[in-house]
Amino acid sequence: KSGQLMPTDAKGRFDVLQWLMFQMAGIGPMQGQAVAFVRYFPETVRPAIDRYINETRRLYEVLNTRLTDREYLATDYSIADIANFSWLRSHRWARVPVDGLEHLQRWMATMASKPGIQRGCEVPPSRARPTSSNKAARRSRHASYRSICGSALGREWIQSLGCLRARSRSHRISPACSGRSPSAATPTRG
């Protein structure tokens, strides 16, 4: 799949990179903070909530202006569209309204109608709409993950994760987190 979703000409490439960086330096951090203060803080911190929701909305307005006379953020459908849409699709969760941003709403509808986007939105399968095929696919992935974690290569991979916890019952905490030296790295059996 290499070489897709990114133009090869310099002008097109920089146009896509500009809007990809817009998501990475703007939408992602601001909307991420909005979600943190709106959804996960134990107390309501109104100034922080207002600041991040307003800044995210301002960034949405920048996108709306960009989409005034074009179908996609760059010349053609690109990774910049996918990266930005992955955040904008959850605007309700962040409590950031898109009312009055008709070009942005049109773009969001276009993006949501793409078969690849629809498939991507189901990885991992949405818990909102459990179906028997989602449950079967999840069981299959879990079985495959357990078999990988049980192999020597899987154990080596898990040890290389540093402070990340493995999801397998046979591996609790990596040596880096447990305070043991990496040379004494052996997974803790549970």
Side-chain angles (χ1 to χ4, degrees), residues 1-7 16-41 52-53 56-57 59-60 62-64 66-67 70-99 101-151 153-154 157-158 160-162 164-171:
K1 298 184 181 188
S2 177
Q4 297 180 15
L5 304 170
M6 177 69 80
V16 168
L17 287 173
Q18 166 183 276
W19 291 102
L20 183 58
M21 294 303 123
F22 179 83
Q23 178 273 310
M24 292 167 46
I27 297 283
M30 293 302 111
Q31 188 167 322
Q33 290 298 317
V35 169
F37 281 104
V38 166
R39 298 286 181 177
Y40 302 117
F41 251 59
Y52 290 112
I53 287 177
T56 304
R57 171 62 188 218
L59 295 170
Y60 285 8
V62 170
L63 291 175
N64 186 64
R66 174 65 176 182
L67 294 163
R70 60 185 63 237
E71 189 174 4
Y72 299 110
L73 293 173
T75 305
D76 295 315
Y77 177 62
S78 70
I79 190 66
D81 295 292
I82 295 168
N84 278 281
F85 179 73
S86 65
W87 282 89
L88 277 111
R89 69 184 283 267
S90 62
H91 71 91
R92 286 185 193 97
W93 181 249
R95 296 193 179 140
V96 180
V98 293
D99 303 336
L101 304 175
E102 69 253 4
H103 305 295
L104 185 65
Q105 290 177 354
R106 172 196 41 82
W107 173 80
M108 290 172 66
T110 299
M111 295 295 292
S113 70
K114 292 187 168 296
I117 295 287
Q118 291 171 356
R119 285 190 308 274
C121 289
E122 290 299 319
V123 178
S126 172
R127 293 179 193 261
R129 295 180 304 261
T131 64
S132 58
S133 64
N134 283 352
K135 289 177 186 175
R138 197 174 12 234
R139 277 194 301 274
S140 172
R141 277 194 306 280
H142 287 222
S144 132
Y145 186 80
R146 281 191 302 274
S147 71
I148 290 169
C149 288
S151 71
L153 183 60
W157 172 75
I158 287 168
S160 74
L161 290 177
L164 295 178
R165 291 184 180 209
R167 291 184 179 177
S168 170
R169 287 184 182 147
S170 63
H171 302 88

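By convention here, the first residue in the shown sequence is residue 1.
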For this session: Mark yes or no for whether Q31, through its side chain, and L88, through its backbone, hold a donor-acceptor pair below 3.5 Å.
Result: no
For this session: Please check if the side chain of R106 supplies one atom and the backbone of L67 the other of a donor-acceptor pair under 3.5 Å.
Result: yes
Exercise. Atom NZ in K114, atom CD1 in I82: separation rounded to 0.5 Å?
Worked result: 9.0 Å
Problem set entry | Reported CE-to-OG distance for the pair M6 and S78, which is rounded to 0.5 angstrom | 7.0 Å
Problem set entry | Donor-acceptor under 3.5 Å (R66 side chain, L73 main chain) | yes
For this session: Give a yes or no on this: more than 12 heavy atoms of other residues, nucleotides or ligands lie within 6.0 Å of atom CZ of R119.
Result: no
Exercise. Ignoring hydrogens and geometry, is there a side-chain-to-backbone donor-acceptor pair from R39 to W93 under 3.5 Å?
Worked result: yes
Exercise. For T110 and E71, which heavy atoms make the closest approach, and how far apart are they?
Worked result: CG2-OE2, 4.0 Å
Exercise. Counting distance only, does the side-chain N/O of N84 pair as donor-acceptor with the main-chain N or O of L20 below 3.5 Å?
Worked result: no
For this session: May I ask you to test the P97-H91 pair for a side-chain heavy-atom distance under 4.5 Å?
Result: no
For this session: Looking only at non-hydrogen atoms, find the nearest pair between A94 and V35 and report the distance.
Result: CB-CG2, 3.5 Å
For this session: Find out whether P7 and V16 are in side-chain contact, i.e. whether some heavy atom of one side chain is under 4.5 Å from a heavy atom of the other.
Result: yes
Exercise. If you measure from OH on Y60 to CH2 on W87, what distance do you get to the nearest 0.5 Å?
Worked result: 9.0 Å
Exercise. Do you see a donor-acceptor pair shorter than 3.5 Å between the side chains of Q4 and Y77?
Worked result: no
For this session: To the nearest 0.5 Å, tell me how far L63 CG sits from Q23 CD.
Result: 10.0 Å
Problem set entry | Pair W107-D81, side-chain donor/acceptor within less than 3.5 Å | yes
Exercise. What's the spacing between S90 OG and F85 CZ if we round to 0.5 Å?
Worked result: 9.5 Å
For this session: Measure the CG-CG distance between N64 and L59 for me, rounded to the nearest 0.5 Å.
Result: 12.5 Å
Exercise. With sequence neighbours excluded, what pairs up with M21 under the side chain to side chain contact (heavy atoms under 4.5 Å, CB included) test?
Worked result: M24
